[in-house]
Amino acid sequence: MFKSIRVRNFRAITDLKIDHVGRVNLFVGHNASGKTTLLESIFFLIGATNPKLPVNANTFRGLPWVSKALWRTYFHNMNADVPIEIFADEFEGGGQQRLLIRPREERFTPPNGDASSMPSTSWARMASEDGPQINGLRLEYSGPPDPGTPAVSQIYMKGEEIMVEGMKERPIRGTFVIPLPLDLANRFSEIQRRKQVAEVVALLKEIEPAIEDLRLAGTQIWADIGAPEMMPVNLMGGGATKFLNVALSMLDFQNGFVLIDEIENGLHHSAQRKLWDAIFNWAQKLNVQVFASTHSMECITAFTDCATSGLFGADAMLFWIERKGDDFRAVEYTRELLAESLESEWEVR
């Protein structure tokens, strides 16, 4: 697990350091304070040898298309001259992990390979005046067990096709929970194989007591709610889907990381306490480190209520991400300070 995180020059974030993260971490702050970007940076570091992740992250943000114009958007103020740096120190002397992201550059080549034969308004001018063009990203990861030898991977465009080089598996695993993941059925299949369906059913019964069982048929997860026929879980409302999504993510990524942006989305405030109870329980039981963000005061209150006096301040941490212009900082909240803030009707948005 990580015990500290630092992010530099990634999207809006110039430099943000969090010195003490716990097992379950909640990031709060105003809109555009960098909460989602912080989660993305952690996601990139977990999968530092998978160069597809930056493109996946844009998909999560509703940008399913890729063009050369997007590569600069990862860098602060779109200035690709300054690399992105993401660091994390591990617990128990595990060392430091470091991810450096640079632009992948290429020079324009005229169609016939001879720039001198092209008009000055075409390829020859672009090659001589504009210099190298950004055509992708280069990821350089260093960390245990061999910090002195960086693992290099790249993602770039070749025509209209996305190309990747140097992609490698890593021993640590993590997932970014999105509203409707394409692999939900695959995750349920794995949970079913490990005989953990009963744990998922018990959680879903907290918000839908009629649920008696879950079954996988093809790519659809079906719920038995006592009706003559089983019902697709997707039709049971956003709360059931959200609970199922988080549950499968935590159970499937044992000994890994789970990241959840705007965790309150799709949940009534009365269900948020039940979800946090499950997250705290599974985080400890399954050795999962959780990073989440929220805009909701009800979610913060539910988090605080679930973090018992023995847990809060050790395994459960809450951070206010503060932004003033280009300056960022993470303010760590103790249980006492958070209680005072909630009593004074602390405004999150």
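Remember, it's a predicted structure, so these values are computed and weren't measured experimentally. One is the number of the first residue; the rest follow in order along the sequence.
Members clustered with W222: M230, by chain and number, using a 4.5 Å side-chain heavy-atom cutoff among hydrophobic residues. With side-chain heavy atoms closer than 4.5 Å counting as contact, directly or through intermediates, V82 stands alone and belongs to no larger hydrophobic cluster. Under a 4.5 Å side-chain heavy-atom cut-off, the cluster of Ile, Leu, Val, Met, Phe, Trp and Tyr residues that includes M78 has no other member.
Note that R6 lies outside the cation-pi zone of F87, set by a 6.0 Å cut-off to the ring centre and a 45° limit from the axis. A cation-pi arrangement, defined by a distance under 6.0 Å to the six-membered ring centre and an angle within 45 degrees of its axis, is present between R170 and Y141.
Within the 4.5 Å cutoff, side-chain heavy atoms of I263 are placed close to those of W276. The shortest distance between side-chain heavy atoms of E90 and K3 does not fall below 4.5 Å.
Cluster annotation: V164 and L45 are assigned to the same hydrophobic cluster (Ile/Leu/Val/Met/Phe/Trp/Tyr, side-chain heavy-atom contacts under 4.5 Å, transitive). There is no path of hydrophobic side-chain contacts, each under 4.5 Å, that joins V152 to Y74. Side-chain heavy atoms closer than 4.5 Å link hydrophobic residues (I, L, V, M, F, W, Y) into clusters, and following such links, possibly through other members, connects L214 to L216.
For the ring pair (Phe, Tyr, Trp, His ring centres under 6.0 Å) with F10, the lone residue among F44, F75, F43 that qualifies is F44. If you run side chain to side chain contact (heavy atoms under 4.5 Å, CB included) between F257 and each of V288, T175, V290, I172, only I172 comes through.
Side chains of T36 and D261: a donor-acceptor N/O pair is present below 3.5 angstrom, by distance only. No side-chain N or O of S4 forms a donor-acceptor pair with one of D19 less than 3.5 Å apart. Judged by distance alone, the side chains of Q97 and D89 never bring a donor and an acceptor atom under 3.5 Å apart. Between the side chains of Q154 and R104, a donor-acceptor pair is found at a separation under 3.5 Å.
With a 6.0 Å radius and a threshold of 12 heavy atoms from other residues, nucleotides or ligands, K17 has its NZ atom at or below the threshold. Other residues, nucleotides and ligands place more than 12 heavy atoms under 6.0 Å from the CZ atom of R194.
With hydrogens and angles ignored, the 3.5 Å screen pairs no side-chain donor or acceptor of Y156 with any backbone N or O of L137.
F60 has its ring centre less than 6.0 Å from the ring centre of F176.
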